[in-house]
Amino acid sequence: AGSRPGGDPLTGPPGLSPTGSIDAAYEVDEVKDLRNKAVALEAYFRVAKNRQPERLACEIRIRAERKAGRLSKQLEKRQGSRTDRTSSHRGTKSKALKAAGISRQQAQRWEQLAAVPDEQFEAALAGPDKPTTTGIIKERKPKGKRMNPKALWLWGTLRDFEREDI
């Protein structure tokens with residue numbers, strides 16, 4: 001089987017892994033560029049009904065989004081040690097994100113994705129279903145039941161009685 005000189009469209013030149021490219025990137029715009037290429041490949045393979053490469057492109061996209069989230073989060077930390085002043089600090093972050101063509105909402109979602117523990121993230125990618133950014137973020141959040149408002153009222157009333165020594 002003949003191979004193109006440039007290598008596989010998903011892995012690029014021989015010897016270069018897509019996750020290696022993502023790991024090597026240290027600017028948000030670089031990672032976003034890799035993500036955009038993965039999105040294009042994912043769409044191409046979806047139309048071609050070629051599921052295995054589509055899933056690989058999806059994994060590359062999600063890994064790039066996670067790395068972009070980590071870099072976006074670091075933009076806040078790089079500006080200085082004062083955390084009580086955020087106006088100039090946010091302006092710098094928003095300028096960097098805007099220059100990369102990333103909306104504030106998109107950056108927040110990617111930061112949430114970056115906050116998913118490594119083990120849980122890798123398990124989501126290895127799962128039988130095609131992973132999604134939203135699905136991975138939702139799995140991260142604890143699934144707690146909402147407390148019945150009547151039970152909260154009763155508990156509060158009992159606490160009031162306890163405070164008043166009744």
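Position 1 is the first residue of the sequence; numbering continues from there. Everything numeric here is computed off the predicted structure, so don't read it as measured data.
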Participant: Please determine if Arg35 and Glu42 form a salt bridge, counting it only when a charged side-chain N lies under 4.0 Å from a carboxylate O.
Facilitator: no

Participant: Looking at Lys98, I'd like to know if its NZ atom is crowded, meaning that more than 12 non-hydrogen atoms belonging to other residues, nucleotides or ligands lie closer than 6.0 Å.
Facilitator: no

Participant: Could you state the interatomic distance from CH2 (Trp110) to CD1 (Ile62), rounded to the nearest 0.5 Å?
Facilitator: 12.0 Å

Participant: Using every non-hydrogen atom in the two residues, find where Gly69 and Ala114 come nearest and quote the distance to one decimal.
Facilitator: C-CB, 3.9 Å

Participant: With salt bridge (Lys or Arg N to Asp or Glu O under 4.0 Å) as the test, would you mind laying out the steps for Arg63 and Glu122 before giving the verdict?
Facilitator: CA-CA 10 Å; Arg63 287 185 187 279; Glu122 293 301 330; 2.8 Å; yes

Participant: Can you confirm whether Glu54 sits close enough to Asn50 that some side-chain heavy atom of one is under 4.5 Å from a side-chain heavy atom of the other?
Facilitator: no

Participant: Between Gln120 (side chain only) and Glu139 (backbone N and O only), is there a donor and an acceptor less than 3.5 Å apart?
Facilitator: yes

Participant: Taking everything shown except Gln105 itself, do over 12 heavy atoms lie less than 6.0 Å from its CD?
Facilitator: yes

Participant: Between atom CD of Gln112 and atom OG1 of Thr134, what is the distance when rounded to the nearest 0.5 Å?
Facilitator: 9.5 Å

Participant: Among the clusters formed by ILVMFWY side chains lying less than 4.5 Å apart, do Leu75 and Ile102 turn up in the same one?
Facilitator: yes

Participant: Between OG of Ser72 and NZ of Lys93, what distance do you get to the nearest 0.5 Å?
Facilitator: 3.5 Å

Participant: Taking atom CZ of Arg51 as the centre, report whether more than 12 heavy atoms of other residues, nucleotides or ligands fall under 6.0 Å from it.
Facilitator: yes

Participant: Is it the case that one hydrophobic cluster holds both Leu56 and Leu34, taking links as side-chain heavy atoms less than 4.5 Å apart, direct or via other members?
Facilitator: yes

Participant: Considering only NZ, NE, NH1 and NH2 on the basic side and carboxylate oxygens on the acidic side, decide whether Lys32 and Asp29 come within less than 4.0 Å.
Facilitator: no

Participant: Using 4.0 Å as the upper bound for N to carboxylate O, is an ion pair formed by Arg61 and Glu65?
Facilitator: yes

Participant: Which distance, rounded to the nearest 0.5 Å, do you find between the CD1 of Ile137 and the CZ of Arg109?
Facilitator: 4.5 Å

Participant: Can a cation-pi geometry be assigned to Arg66 and Phe121, taking NZ or CZ under 6.0 Å from the six-membered ring centre and within 45° of the ring axis?
Facilitator: yes

Participant: Could you give the distance from CG (Leu113) to OG1 (Thr132), rounded to the nearest 0.5 Å?
Facilitator: 9.5 Å

Participant: What pair of heavy atoms forms the shortest contact from Ala64 to Val31, and how long is it?
Facilitator: O-CG1, 2.9 Å

Participant: Quick check against the 3.5 Å criterion: does Arg55 have a side-chain atom that pairs as donor or acceptor with the backbone of Asp129?
Facilitator: yes

Participant: Quick one: pull up CG in Leu125 and CD in Glu59 and give me the separation to the nearest 0.5 Å.
Facilitator: 5.0 Å

Participant: Should Phe161 and Trp153 be regarded as members of a common hydrophobic cluster, given that ILVMFWY residues are connected when their side-chain heavy atoms come within less than 4.5 Å of each other, either directly or indirectly?
Facilitator: yes

Participant: Shortest non-hydrogen contact from Cys58 to Pro131?
Facilitator: SG-O, 3.2 Å

Participant: Considering only heavy atoms from C-beta outward, does the side chain of Ser103 approach that of Leu97 to under 4.5 Å?
Facilitator: no

